[in-house]
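The structure under discussion appears below in the form of structure tokens.
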There are 2 protein chains.
Amino acid sequence: MSDLLERLRGRGWRMTAQRRVVAEVLDGDHVHLTADEVHSRAVVKLPEISRATVYNTLGELVSLGEVLEVATDKRAKRYDPNAHRPHHHLVCAQCGAIKDVHPGGNPLADLPDSERFGFTVSDVEVTYRGVCPNCAATTTTA
Amino acid sequence: MSDLLERLRGRGWRMTAQRRVVAEVLDGDHVHLTADEVHSRAVVKLPEISRATVYNTLGELVSLGEVLEVATDKRAKRYDPNAHRPHHHLVCAQCGAIKDVHPGGNPLADLPDSERFGFTVSDVEVTYRGVCPNCAATTTTA
DNA sequence: ACTTGACTTAGACCTTGTCCATTGTAGGAT
DNA sequence: ATCCTACAATGGACAAGGTCTAAGTCAAGT
């Protein structure tokens, strides 16, 4: 975490209270907040932070490769601080909970040339969908 | 295609000019239009059709399982009429072109129990990203 | 042909995200 | 310790994608 701040300072990032707060909010595993959620949480720590700043900072973190943009939700983009260990996502179809997962196998290898339409394929994104234990429980009980 | 209309009528769908036009616009392989694109094309055939109707109709087709919503683009949802043959997508990172692909292997099987967090996993969505032949050509020449 | 409830319409409204002119400030220079 | 200035933050307007509502319309059963 403070690793992140160190790394950013090293890259010539100007350190401001706003940027620190955004970085802090994004700390942790299985964290996948929308920009607005980041903003709400940031406001708690720094009431005068503006929406635009949160968007700017998130955008910069993404360009710097420190944070990933994920589109598991079909509405808002979500931001994933776990950018240094490649992974995929498991999403609850009911409550939207998201977990980072590391499947075996290499989906890239599973795409035969005949199915590549001449594309140079460089990346795969896998999203598993299902129902989390929590939602399964409440559904059966109800 | 008229299969689709038959099937829908069989399910008690009231057949209207608007719905017929939306279904017609969505016909074909490798079709992945945004709601607005569907609307623009529908307007050509039926000038007085409204945006809300297009959204409603697309939503119904999705609930009925006749059309898939795909989120390859991070802006607008896209609608894929190829709902009865499971497939994944290959997207050009530059121009946004989308192809339907059928990779070998089963990514669902690649997710070990230890990585399922107690979820009941039912579905996988795979998006391959790369550069299409067209964009590769224009980039090298430019 | 009549009736009725499902369908459509237009436009207001909401959410997510971007832009811009202005004001503020981190951090190097003095 | 203070000053400068380029970079960052602010807030409010704007844009795109999508949803909702009240009122009018029409497909299809009788």
Side-chain angles (χ1 to χ4, degrees), chain A residues 5-6 8-26 32-64 66-80 96, chain B residues 5-25 32-64 66-80 96:
Chain A
L5 294 180
E6 280 312 310
L8 292 172
R9 207 193 310 263
R11 296 217 217 175
W13 226 45
R14 192 150 126 190
M15 194 47 55
T16 67
Q18 290 83 347
R19 288 175 167 186
R20 203 172 359 251
V21 165
V22 169
E24 278 170 26
V25 163
L26 280 174
H32 308 87
L33 301 170
T34 63
D36 253 22
E37 286 165 354
V38 171
H39 181 236
S40 314
R41 301 193 184 194
V43 162
V44 174
K45 302 184 177 216
L46 189 68
E48 69 276 23
I49 192 172
S50 77
R51 241 161 47 90
T53 297
V54 170
Y55 276 100
N56 288 341
T57 305
L58 288 172
E60 283 156 21
L61 288 170
V62 170
S63 321
L64 292 171
E66 298 290 347
V67 163
L68 295 175
E69 231 172 54
V70 302
T72 53
D73 180 325
K74 271 163 192 157
R75 303 163 71 96
K77 293 175 195 164
R78 293 181 172 273
Y79 294 88
D80 182 343
Chain B
L5 294 180
E6 280 312 311
R7 239 178 301 142
L8 293 172
R9 206 192 312 264
R11 297 217 215 175
W13 228 45
R14 193 152 128 188
M15 194 47 54
T16 66
Q18 291 81 347
R19 289 174 167 186
R20 203 172 359 252
V21 165
V22 169
E24 279 170 26
V25 163
H32 308 88
L33 300 171
T34 64
D36 254 21
E37 285 164 356
V38 172
H39 181 235
S40 313
R41 299 192 186 194
V43 162
V44 174
K45 303 184 175 213
L46 188 67
E48 69 277 21
I49 192 172
S50 78
R51 239 161 46 92
T53 296
V54 170
Y55 277 100
N56 287 342
T57 306
L58 289 172
E60 283 157 19
L61 288 169
V62 170
S63 321
L64 292 171
E66 297 291 347
V67 163
L68 295 176
E69 230 173 56
V70 301
T72 53
D73 180 324
K74 271 166 191 154
R75 303 161 70 95
K77 292 175 195 164
R78 294 181 171 273
Y79 294 89
D80 182 343

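Letters A, B, ... are given to chains in the order of the sequence lines, protein chains preceding strands, and every chain is numbered from 1.
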Minimum heavy-atom distance between His39(A) and Ile49(A), given as atom pair plus value
NE2-O, 3.2 Å

Output the distance between atom NZ (Lys74(A)) and atom NZ (Lys77(B)), rounded to the nearest 0.5 Å.
7.5 Å

For the helix from dA1(C)-dT30(D) to dT30(C)-dA1(D), what angle separates the axis at the start from the axis at the finish, each from five pairs, in steps of 10°?
30°

Write down the atom of Ala17(B), the atom of Leu46(B), and the distance for their closest heavy-atom approach.
C-CD2, 4.0 Å

Minimum heavy-atom separation for Arg20(B) to Leu5(B), with atom names?
CG-CD1, 3.7 Å

Find every protein N or O atom lying less than 3.5 Å from an N or O atom of nucleotides 4-8 of chain C, and list the pairs.
residue: dG5(C); atom: N2; partner: Arg14(B); partner atom: NH1; Å: 3.1
residue: dG5(C); atom: N2; partner: Arg14(B); partner atom: NH2; Å: 2.9
residue: dA6(C); atom: O4'; partner: Arg14(B); partner atom: NH1; Å: 3.4
residue: dA6(C); atom: N3; partner: Arg14(B); partner atom: NH1; Å: 3.4
residue: dA6(C); atom: N3; partner: Arg14(B); partner atom: NH2; Å: 3.2
residue: dC7(C); atom: OP1; partner: Arg19(B); partner atom: NH1; Å: 3.0
residue: dC7(C); atom: OP1; partner: Arg19(B); partner atom: NH2; Å: 3.2
residue: dT8(C); atom: OP1; partner: Thr16(B); partner atom: OG1; Å: 2.6
residue: dT8(C); atom: O3'; partner: Gln18(B); partner atom: NE2; Å: 2.8

Euclidean distance, atom CG of residue Leu8(A) to atom C1' of dA26(C) [Å, nearest integer]:
15 Å

For a quick test of reading the model, state the closest non-hydrogen atom pair linking Val54(A) to Ala35(A) and the distance between them.
CG1-O, 3.8 Å

Calculate, to the nearest 0.5 Å, the distance between atoms CD and NZ belonging to Glu24(A) and Lys45(A) respectively.
4.0 Å

Round to a whole Å and report the spacing from CE of Met15(A) to P of dG28(C).
12 Å

Heavy-atom nearest pair, Arg11(B) first then Leu64(B), reads NH2-O, 3.1 Å

Does Val38(A) form a side-chain contact (heavy atoms from CB on, under 4.5 Å) with Thr57(A)? I'd like the steps, not just the answer.
CA-CA 11 Å; Val38(A) 171; Thr57(A) 305; over 6 Å; no

For Asn56(A), what residues pass the side-chain contact (heavy atoms from CB on, under 4.5 Å) criterion, not counting sequence neighbours?
Glu60(A)

Going 5' to 3' on DNA chain D, which nucleotide is the first and which the last to come under 4.0 Å of a heavy atom in chain B?
dG17(D) to dA28(D)

Short side-chain to backbone donor-acceptor contact, Arg19(A) and Arg14(A), under 3.5 Å:
yes

To check you understand the geometry: which heavy-atom pair defines the closest contact between His32(A) and Arg78(A), and what is its length?
O-NH1, 2.7 Å

Mind checking side chain to side chain donor-acceptor pair (under 3.5 Å) for Thr53(B) and listing every partner two or more places apart, or none if nothing turns up?
Ser50(B)

Under 3.5 Å between N/O atoms: give me all the protein pairs with nucleotides 13-17 of chain C, atom names plus distance.
residue: dG17(C); atom: OP1; partner: Lys77(A); partner atom: N; Å: 2.9
residue: dG17(C); atom: OP2; partner: Tyr55(A); partner atom: OH; Å: 3.3
residue: dG17(C); atom: N7; partner: Arg51(A); partner atom: NH1; Å: 3.4
residue: dG17(C); atom: N7; partner: Arg51(A); partner atom: NH2; Å: 3.0
residue: dG17(C); atom: O6; partner: Arg51(A); partner atom: NH2; Å: 3.0

dist Leu61(A):CG -> Leu26(A):CG (nearest 0.5 Å) comes out at 7.0 Å

